[in-house]
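What follows is a short report on a single structure.
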Amino acid sequence: MNLSSPTRLSPPAPTPHRSPLGPLALLLTLRRNPLEIWCEDDFRLPMQLRKTIVDRRALVNDPGAVRRIFVDNARNYEKNELQLRLLRPALGVGIVTSNGTAWRRQRQMIAPLFTPQRVKAFAVPQAAAAQQCAERIDHVARNISGHTLDVAKEMGRLTLEILEHTLFGQGLACEPSAFQHAIAHYLETFGRLDYFDLVGLPDWLPRFNRLTGRKSLQHAACVVTEMIRQRRALLEHATPAPQDLITLLLTARDTEGQALSERELHDNIVTFIGAGHETSANALTWILYLLARSPAWRRRVETEIDAHAHEGPEFTDLPVTRAVIEETLRLYPPIPMMSRVARNDDVLSGVAITAGTIVTVAPYVLHRHQTLWSDPHAFDPERFLGAARERIERHAYIPFGAGARVCIGMSFAMTEMLMVLRCLLGRFRFDLVPGHRVVPQVRVAIRPQYGMMMRVSQREAGHP
Ligand code: HEM
């Protein structure tokens, strides 16, 4: 299972296959765990073109070609249908699942919420939510026998609470745990590729494994409708309303003075709950796991956090902690794979790409590529410190995507993770429960298949 190194931690990752999977094995593996489809050449070659019965696919690992797809010739590469089929049932016509003019219009309307000043101001409520989570963990550390908790679940709850404190000022109109449950159910049903989608059968044929997922979608839809109703009531009566995502979406106008449609409004609220929750929650879970497996790095992070314990909540100048976050996003990028379809013929890395080719850029593979990283499967945050950080090619490291469609929540997420780690690692130490199985699995994001059971203990600042 592991590509282990004698000196540094090589955390769990599926062993790449010797040669590419055949069509049937590929279908089965994509459905079980898309992280297991890769073969050795994928981590070795800059570019591969493969023809299947249904389409032509290119896997791109050359940073120059990545730049061409996302930046220089981005208009030629639209999000492709297969990727959209996973997300559209929930995210509808929102910003993540739109292309072309519809996407551009929404991006311009939502961007004012993510300016550097707005993101800086979010640090305080993010830290407050982390504090609330610390109180819950404190209860476990003091009172629960065995002091164990599923950190994956706890981080899921925390990142939802952070959204409540920042983007959704009046809360989620339901218990965060109920929403968390609905999202988990959605990912287990809709979040798995369906055989019918994989072989390109039309949408009107029912996907049986998804029938049960509809209930969670309906639940989320009702909650979001209620959130919009409450906010409209406030705005109509000129009552002071939180200056958050919902107010922005309700009041924003495009360049022609048009508001978002009712559908766009609804779908963008669901989009931000989905996109802003699973990604950060899984990243935080993997960070706590990797630190538990690397005591030396954990001590360095604790020392840095302790040294700045007196700083205000918005303090983010923590280079070692930041390097640990970046290295975790390299090894376990929450969005492990992005696909686009070429609208017109193009050339990537000297290879002709014909119109209709599906071009995949997989951060999971790119970030572990032998030609771009030394000891690529090893956990080594040193890569992201000082001069070493500057040597990393811009388009060899893309956990947040690149170009115009780069993650709109990137700075929000980085601040959020710093705030959470500062708060939690200043007070607690997390250790893996012996024997707990940790298996990375893709359900839209990379998550630990069996959760992340950890033992939590209190620590005092300055004490190793
Ligand atoms: C560690 C945390 C996160 C990671 C690794 C991440 C990663 C990504 C990636 C890779 C994309 C581009 C997808 C593509 O081009 O196909 C993306 C887009 C997006 N992300 Fe994030 N994200 C994170 C957190 C967040 C947060 C906290 C929010 C909201 C507050 C958010 C909102 C979005 C939205 C709305 C888009 C679509 C942007 C567009 O298409 O214009 N993300 N994210």
Side-chain angles (χ1 to χ4, degrees), residues 66 69-71 74 77-80 82-84 86-87 90-111 113-114 118-119 122 125-126 129 155-156 158-168 244-245 248-249 264 267-287 322 325-341 358-364 366-367 395 397-421 444-447:
V66 171
I69 295 162
F70 289 115
V71 184
Y77 293 96
E78 287 198 329
K79 289 202 173 179
N80 85 303
L82 191 56
Q83 185 178 6
L84 295 179
L86 278 181
L87 299 172
L91 310 187
V93 297
I95 181 171
V96 167
T97 34
S98 303
N99 271 322
T101 337
W103 164 75
R104 213 161 291 119
R105 175 170 165 271
Q106 296 183 51
R107 180 92 189 195
Q108 277 162 2
M109 290 166 89
I110 296 170
L113 197 65
F114 293 95
R118 292 297 291 263
V119 170
F122 284 142
Q126 286 172 336
M155 292 303 107
L158 168 58
T159 52
L160 265 187
E161 286 169 351
I162 287 178
L163 291 181
E164 284 198 300
H165 282 68
T166 51
L167 302 190
F168 305 104
D244 60 4
L245 180 73
L248 178 98
L249 292 173
E264 285 172 323
D267 290 349
N268 273 307
I269 293 176
V270 180
T271 293
F272 274 86
I273 297 173
H277 153 69
E278 272 295 303
T279 44
S280 305
N282 281 301
L284 284 164
T285 303
W286 290 113
I287 293 167
R322 193 178 281 272
I325 296 174
E326 294 192 301
E327 175 66 343
T328 305
L329 295 179
R330 184 184 72 82
L331 287 169
Y332 297 112
I335 306 295
M337 203 190 307
M338 291 177 270
S339 296
R340 301 289 192 263
V341 58
I358 292 167
V359 172
T360 298
V361 178
Y364 178 81
L366 184 72
H367 293 176
H395 293 94
Y397 179 67
I398 52 162
F400 292 99
R405 291 203 80 149
V406 70
C407 175
I408 202 169
M410 175 169 69
S411 307
F412 179 102
M414 284 306 289
T415 315
E416 170 184 36
M417 290 185 281
L418 283 165
M419 293 293 118
V420 169
L421 295 175
V444 182
I446 303 188
R447 64 171 192 183

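For ligands, and for the atoms within them, numbers begin at 1 and follow the listed sequence. All of these numbers come straight from a predicted model, not from anything done at the bench.
With respect to atom 1 (C) of ligand 1, the closest heavy atom belonging to the protein is Met417 CE, 3.8 Å. Closest to atom 23 (C) of ligand 1 among all protein heavy atoms lies Thr279 OG1, 3.5 Å. The closest protein non-hydrogen atom to atom 12 (C) of ligand 1 is Arg405 O, 3.8 Å. Closest to atom 20 (N) of ligand 1 among all protein heavy atoms lies Cys407 SG, 3.1 Å. Among protein heavy atoms, atom 6 (C) of ligand 1 sits closest to Phe400 CD2, 3.7 Å. Counting protein heavy atoms only, atom 13 (C) of ligand 1 is closest to Met338 SD, 3.8 Å. In terms of protein heavy-atom proximity, atom 36 (C) of ligand 1 is nearest to Val96 CG2, 3.7 Å. With hydrogens left out, the protein atom closest to atom 5 (C) of ligand 1 is Pro399 O, 3.4 Å, a heavy atom.
Heavy-atom distances between Met410 and ligand 1 stay at or above 4.0 Å for every pair. Proximity of Lys79 to ligand 1 is established by a heavy-atom distance of less than 4.0 Å.
Ring orientation note: the planes of Phe412 and Phe122 are nearly perpendicular, at an angle over 60° on the 30°/60° scale.
Here the closest non-hydrogen pair linking Thr159 and Ala281 is OG1-CB, 3.5 Å. Pairing each heavy atom of Val341 with each of Lys79, the nearest pair is CG1-O, 4.3 Å. Nearest heavy atoms, Ala283 versus Met417: CB-SD, 3.7 Å. Between Phe70 and Ile398, the closest heavy-atom pair is CE1-CD1, 4.2 Å.
For Leu167, every heavy-atom contact with ligand 1 shorter than 4.0 Å involves the side chain, none the backbone.
When atom types are taken as modelled, the side chain of Asn282 and the backbone of Pro334 share no donor-acceptor pair closer than 3.5 angstrom. The backbone N or O of Val359 sits nowhere less than 3.5 Å from a side-chain atom of Arg340 that would complete a donor-acceptor pair. Without hydrogens or angle criteria, Trp286 side chain to Leu331 main chain gives no donor-acceptor distance under 3.5 Å.
For the atom pair CG (Leu421) and CD1 (Ile287), the distance works out to 5.0 Å, reported to the nearest 0.5 Å. Rounded to the nearest 0.5 angstrom, His165 NE2 and Asp244 CG are separated by 13.0 Å.
Under a 4.0 Å criterion applied to the non-hydrogen atoms of Ile95, ligand 1 contributes the atoms 35 (C), 39 (C), 40 (O), 41 (O). Which parts of ligand 1 touch Trp103 is read off a 4.0 Å heavy-atom cut-off, strictly below it: atoms 39 (C), 40 (O), 41 (O). Below 4.0 Å from some heavy atom of Ser280 lie the following atoms of ligand 1, by number and element: 2 (C), 27 (C). Near Arg107, with a cut-off below 4.0 Å to any heavy atom, the atoms of ligand 1 are 38 (C), 39 (C), 41 (O).
Proximity annotation for atom 32 (C) of ligand 1: of Gly94, Ala275, Ser411, Ala275 comes nearest, heavy atoms only.
Note: an N/O pair closer than 3.5 Å links Arg340 and ligand 1 by distance alone.
Between Met419 and Glu416 the shortest side-chain heavy-atom distance does not fall below 4.5 Å.
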